[in-house]
Structures are given as C-alpha cells and as structure tokens.
Amino acid sequence: MDEGRVRAVLFGLHDTLIPGGSRAERAAMARGMGADLGIDPVAFASATAETLDERTRGLMASVHHTVRYLSRRLGAVPTESQVEAAIRRRLDFTLSLHAATWALPALSALRARGFGLGLVSDSCCATTEVWPDSPLSEYFGAASFSCQTGVRKPDSGAYMVAAAALEVPTTECVYVGDGGDGELYGAEALGMRAVRFLAEDPAQRPEVVPDLDPEWNGPTIGDLSELVAMVGVPEPRNGSASRTFVSGNVVPWGSARSRR
C-alpha cells in the first residue's frame with residue numbers, strides 16, 4: 001500500500017466531533033430524570049452511572065426500556081407520562097451536545113474532496129435515537145454505534161463495521177479520536193493511521209480532563225481543520241482506486257507512529 005493512500009476518515013464522536021458533556025452536566029441530567037420519575041434523584045443518577053457499560057453495549061434496547069429498567073431496579077413503577085418526561089429530558093440533553101458540534105466545516109471539506117466518512121462511537125441508545133436529527137448525520141456514509149453492534153472500542157469489530165459499510169479497506173482509513181479506551185491503538189492494529197484530537201479551543205473542552213492517552217506519541221491535532229490539510233485529496237487511480245496527495249508542510253504518516 002502507498003504510505004499516503006487514504007480513502008476514508010473514521011471519527012470518534014464524543015469530545016472529537018461534539019462535546020461529551022461534563023460529569024457534572026451528565027449527573028444533573030440523570031438527577032433530573034429521577035425527579036421526573038418520582039424517584040430519588042441521587043439514586044437514579046447512581047444507577048445510571050453504574051449501568052454505563054451495559055447501556056453502551058446495547059443491553060437496553062431503547063431509552064424507554066432503559067428508563068423502565070432503572071426504575072424497576074430502584075423499586076419504582078412510574079406512570080407513562082413520567083417516563084415520557086424523563087425520556088424527553090434525556091434526548092434533549094443528547095441532542096444539545098450534537099447541536100454544539102464544531103466539526104461541520106471540516107466534515108464538509110473532507111466530503112467535498114471525496115473522502116468517505118464513517119463514525120465509530122461507543123454510545124448508548126439515546127445517541128442512535130437522536131442521530132437522524134443530528135446536524136452531523138448527513139455527512140456520514142456509515143456509522144458504527146456500540147449499542148447496536150454490541151462491540152466497544154478498541155475491539156476491531158467496532159471499526160470494521162464502518163469501514164465495510166464504506167467499502168474501504170481499513171488500511172486506507174484514517175481514524176480520529178481523543179484517545180479514550182485505547183481507541184487509537186485499536187485503529188492502528190487494523191492498519192489505519194490514527195490521529196488524536198485534543199481541542200485547543202476551551203469552548204470545545206468544557207472541563208479540565210486528564211490526558212486520556214499519555215503514552216500516545218503519534219500525530220495530534222488541536223483543530224479539525226488541520227486534519228483536512230493532513231489527508232490531502234483522494235484522486236481516482238486505475239478506475240476504482242485512489243491516491244492521496246499531501247501538502248509539503250504535513251508531517252508524513254510514518255514519522256510519528258505510536259509505540260508501546
């Protein structure tokens with residue numbers, strides 16, 4: 001494979017394309033749901049946090065199912081109107097994160113240049129339920145949500161679902177994420193180039209967070225516009241293949257690969 005050949009760009013979602021929401025914001029949202037349900041708000045927030053992995057792996061099929069399950073777990077049987085109020089609060093919060101995206105200019109530029117765009121997200125069902133209304137959705141040709149696939153990053157299946165849907169080999173993909181849960185190394189294990197995104201703009205980093213991947217020594221960008229310059233422009237070659245032309249001021253992909 002040509003070192004510069006790239007046909008698709010895959011992205012993580014939270015804190016890469018949209019804010020992840022601070023712990024305080026998420027806890028407040030969960031407490032509000034508890035109040036909507038007539039359940040002790042602190043207990044409901046705790047139950048929500050404790051079931052994160054289950055919810056992210058899709059063991060709760062919908063937000064409605066999630067609310068009913070957590071209510072039963074806490075010994076409560078809320079009315080349907082209470083459930084609907086809690087669901088609305090959850091979906092409104094999730095959609096507000098999507099509305100705060102900073103990624104549209106970069107996504108527009110990449111799509112205009114002919115790159116396939118894929119999403120690889122560890123998300124619960126609230127994300128998939130608002131996805132059709134997200135300003136991001138129209139830009140992506142493929143989306144791999146863990147709550148639908150049952151697979152979380154850095155498992156190879158999470159990335160392969162999106163790459164296969166785009167009909168692009170993983171070796172011709174770039175993966176961009178904030179580095180949480182070993183996602184960059186998971187992408188590299190499949191032959192992808194991996195780029196870490198750490199937002200320089202304080203508005204895109206609502207709270208001070210620890211470095212999610214202090215061992216990473218590969219490419220890191222602070223603005224998604226930098227990615228557009230890095231990957232260049234794919235041009236058709238031999239009918240269906242493509243080659244990426246990169247500008248002279250770009251760090252070569254092979255010069256800063258990560259090592260453990």
Side-chain angles (χ1 to χ4, degrees), residues 12-101 119-137 140 143-155 157-158 161 177-178 180-183 204-210 212:
L13 179 60
H14 299 101
D15 294 318
T16 300
L17 302 177
I18 65 173
S22 69
R23 289 182 181 178
E25 290 170 333
R26 288 186 171 276
M29 178 271 298
R31 289 194 300 270
M33 291 177 68
D36 292 333
L37 295 163
I39 298 172
D40 176 64
V42 174
F44 190 85
S46 295
T48 300
E50 290 165 4
T51 56
L52 174 62
D53 186 67
E54 296 170 64
R55 292 184 291 107
T56 303
R57 293 187 186 277
L59 299 183
M60 300 175 202
S62 66
V63 178
H64 188 279
H65 179 197
T66 301
V67 169
R68 284 292 187 189
Y69 170 81
L70 294 178
S71 298
R72 289 195 302 272
R73 175 171 167 151
L74 295 169
V77 185
T79 66
E80 192 59 30
S81 62
Q82 288 175 314
V83 169
E84 289 302 321
I87 290 173
R88 187 72 266 153
R89 183 185 296 273
R90 182 66 174 90
L91 296 181
D92 285 349
F93 174 78
T94 302
L95 195 55
S96 73
L97 299 178
H98 286 251
T101 180
L119 187 70
V120 184
S121 177
D122 286 356
S123 299
C124 66
C125 52
T127 297
T128 59
E129 290 186 30
V130 305
W131 183 244
D133 297 319
S134 170
L136 295 168
S137 62
F140 287 89
S144 172
F145 295 108
S146 63
C147 63
Q148 293 179 334
T149 65
V151 178
R152 294 188 65 176
K153 295 177 285 188
D155 189 291
V161 166
D178 66 355
D181 298 319
E183 63 179 345
Q204 298 174 13
R205 303 184 73 179
E207 64 178 349
V208 177
V209 295
L212 294 177

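All figures in this text were calculated on a predicted structure; none of them were measured in a lab.
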Side-chain (Ser121) to main-chain (Gly12) donor-acceptor, under 3.5 angstrom
no
With a 4.0 Å cut-off, would you call Glu80 and Arg68 a salt bridge?
yes
With side chain to side chain contact (heavy atoms under 4.5 Å, CB included) as the criterion, how do Phe93 and Met33 come out once you've worked through the C-alpha distance, each side chain's angles and the decisive distance to 0.1 Å?
CA-CA 11 Å; Phe93 174 78; Met33 291 177 68; over 6 Å; no
Smallest separation among heavy atoms of Pro154 and Asp181, with atom names
CD-O, 3.2 Å
Criterion side chain to side chain contact (heavy atoms under 4.5 Å, CB included) on Leu97 and Arg26, from CA distance to verdict
CA-CA 11 Å; Leu97 299 178; Arg26 288 186 171 276; 3.6 Å; yes
Are Asp40 and Leu74 packed together at the side-chain level, in the sense that at least one heavy-atom pair is separated by less than 4.5 angstrom?
no
List the atom of Cys147, the atom of Thr128, and the distance in Å for their closest heavy-atom pair.
SG-CG2, 3.5 Å
How close do Leu13 and Thr127 get, heavy atom to heavy atom, and via which atoms?
CD2-CG2, 3.8 Å
So which heavy atom on Thr149 is nearest to which on Ser144, and how close?
CG2-OG, 3.9 Å
Is any side-chain heavy atom of His14 closer than 4.5 Å to one of Ser123?
yes
For the residue pair Ser134 and Ser137, what are the closest heavy atoms and their distance?
O-OG, 3.0 Å
Mind checking the CG-CG spacing from Asp178 to Asp15? Nearest 0.5 Å is all I need.
5.5 Å
Between CG of Asp133 and OG1 of Thr94, what distance do you get to the nearest 0.5 Å?
12.0 Å
Determine the interplanar angle of the Trp131 and Phe140 rings, folded into 0 to 90°, and report it as parallel if under 30°, tilted if 30 to 60°, perpendicular if over 60°.
tilted
Check against side chain to side chain contact (heavy atoms under 4.5 Å, CB included), Val120 and Glu183
CA-CA 10 Å; Val120 184; Glu183 63 179 345; over 6 Å; no
Using modelled atom types and a 3.5 Å cut-off, is there a donor and acceptor pairing between side-chain atoms of Glu25 and backbone atoms of Ser22?
yes
Is there a donor-acceptor contact under 3.5 Å from the side chain of Ser62 to the main chain of His65?
yes
Considering all heavy atoms of both residues, which atom of Lys153 and which atom of Asp122 are nearest to each other, and what is their separation?
N-OD1, 3.1 Å
Inter-residue atom distance Cys125.SG - Leu59.CG, 0.5 Å rounding
10.5 Å
OG-CZ distance between Ser71 and Arg73, expressed to the nearest 0.5 angstrom:
11.5 Å
With a 4.5 Å limit on heavy-atom distance, are the side chains of Leu17 and Leu119 in contact?
yes
Judged by atom type as modelled, is there a donor-acceptor pair below 3.5 Å linking the side chain of Glu129 to the main-chain atoms of Leu91?
no
CZ (Arg57) and OG (Ser146) are apart, to the nearest 0.5 Å, by 8.0 Å
Side chain to side chain contact (heavy atoms under 4.5 Å, CB included) between Thr56 and Leu52, intermediate numbers included
CA-CA 6 Å; Thr56 303; Leu52 174 62; 3.5 Å; yes
Exam field: side chain Arg152 to backbone Asp53, donor-acceptor pair closer than 3.5 Å
no
Please name the residue in the list Arg89, Gln82, Arg90 that meets the side chain to side chain donor-acceptor pair (under 3.5 Å) test with Asp36.
Arg89
